[in-house]
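Everything below concerns the one structure shown next.
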Amino acid sequence: MAKRSARGPTQRQLRVGELVRHAIAEILRRGKLSGLDLAGTVVTVSEVRMSPDLKVATVFVLPLGGGDADRTVTALDDSRKQLRHQVARRLDLRYAPDLRFRTDGSFDEGDRIDALLRLPKVRRDLEPEDGDSPSGDRD
């Protein structure tokens, strides 16, 4: 059997990851977890990556408004068992995946790339040269 990880996730991993993402987001939105210390923090669940055997779900989260991400991940880790149970009740999976929470850095990375594209040196390279039309079409 060929290694799938080198080629990226399978359709099944993507589909199950999206189901888990929706389930966790709904659980957090309803706020029905006892002992979850997120006091008024709205959490964005941006992505869930499933392991090839669908037994481990890596959940990428970020507090809305850029709050204390480390505190959010710690609070979710402390409630991992309860969240796993709630996810298992909502989804019809053979195994309830083990949840591992990580801070999502993709928004910061996007901001960094935007800042780079706004640098004068880069903007100069992106602007059309004299005689070129702005759309890149040449007459």
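The structure presented is a predicted model; accordingly, all values stated were derived computationally and were not measured. The figures here come from the full heavy-atom set of this structure, side chains too, leaving out hydrogens, waters and symmetry mates. Along the sequence shown, residues carry numbers from 1.
The two residues F60 and T103 have their closest heavy-atom pair at CD2-O, 4.1 Å. Of all the heavy atoms in V73 and F101, the pair that sits closest is CG1-O, 3.6 Å.
A donor atom on one side chain and an acceptor atom on the other are found under 3.5 Å apart for T10 and Q13.
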Less than 3.5 Å apart, which donor and acceptor atoms pair up between the side chains of residues 83-92 and the rest of the protein, not counting sequence neighbours?
{"residue": "R84", "atom": "NE", "partner": "A96", "partner atom": "O", "Å": "3.0"}
{"residue": "R84", "atom": "NE", "partner": "P97", "partner atom": "O", "Å": "3.4"}
{"residue": "R84", "atom": "NH2", "partner": "A96", "partner atom": "O", "Å": "2.7"}

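No chain of hydrophobic side-chain contacts below 4.5 Å, direct or via other Ile, Leu, Val, Met, Phe, Trp or Tyr residues, connects V56 to L19. Using a 4.5 Å cut-off between side-chain heavy atoms of Ile, Leu, Val, Met, Phe, Trp and Tyr, with links allowed through other members, L14 and M50 fall into different hydrophobic clusters.
The residue from V59, I24, V61, V45 that alone fulfils the side chain to side chain contact (heavy atoms under 4.5 Å, CB included) condition with L76 is V61.
The pair R21-E18 meets the salt-bridge criterion, since a charged nitrogen lies less than 4.0 angstrom from a carboxylate oxygen. Ion pairing between D78 and R80 fails under the 4.0 Å rule for side-chain N and carboxylate O.
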Audit row: L62, V43, side-chain contact (heavy atoms from CB on, under 4.5 Å) steps and yes/no: CA-CA 6 Å; L62 194 65; V43 178; over 6 Å; no
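In this structure, CZ in R100 is found 5.0 Å from CG in D98, a value given to the nearest 0.5 Å. Note that the CG atom of L28 and the OG atom of S79 stand 9.0 Å from one another [nearest 0.5 Å].
With sequence neighbours left out, R29 forms a side-chain hydrogen bond (donor to acceptor under 3.5 Å, both in side chains) with E26.
The salt bridge (charged side-chain N to carboxylate O under 4.0 Å, His left out) contacts involving residues 49-59 comprise E47-R49, where partners must be two or more places apart or lie in separate chains.
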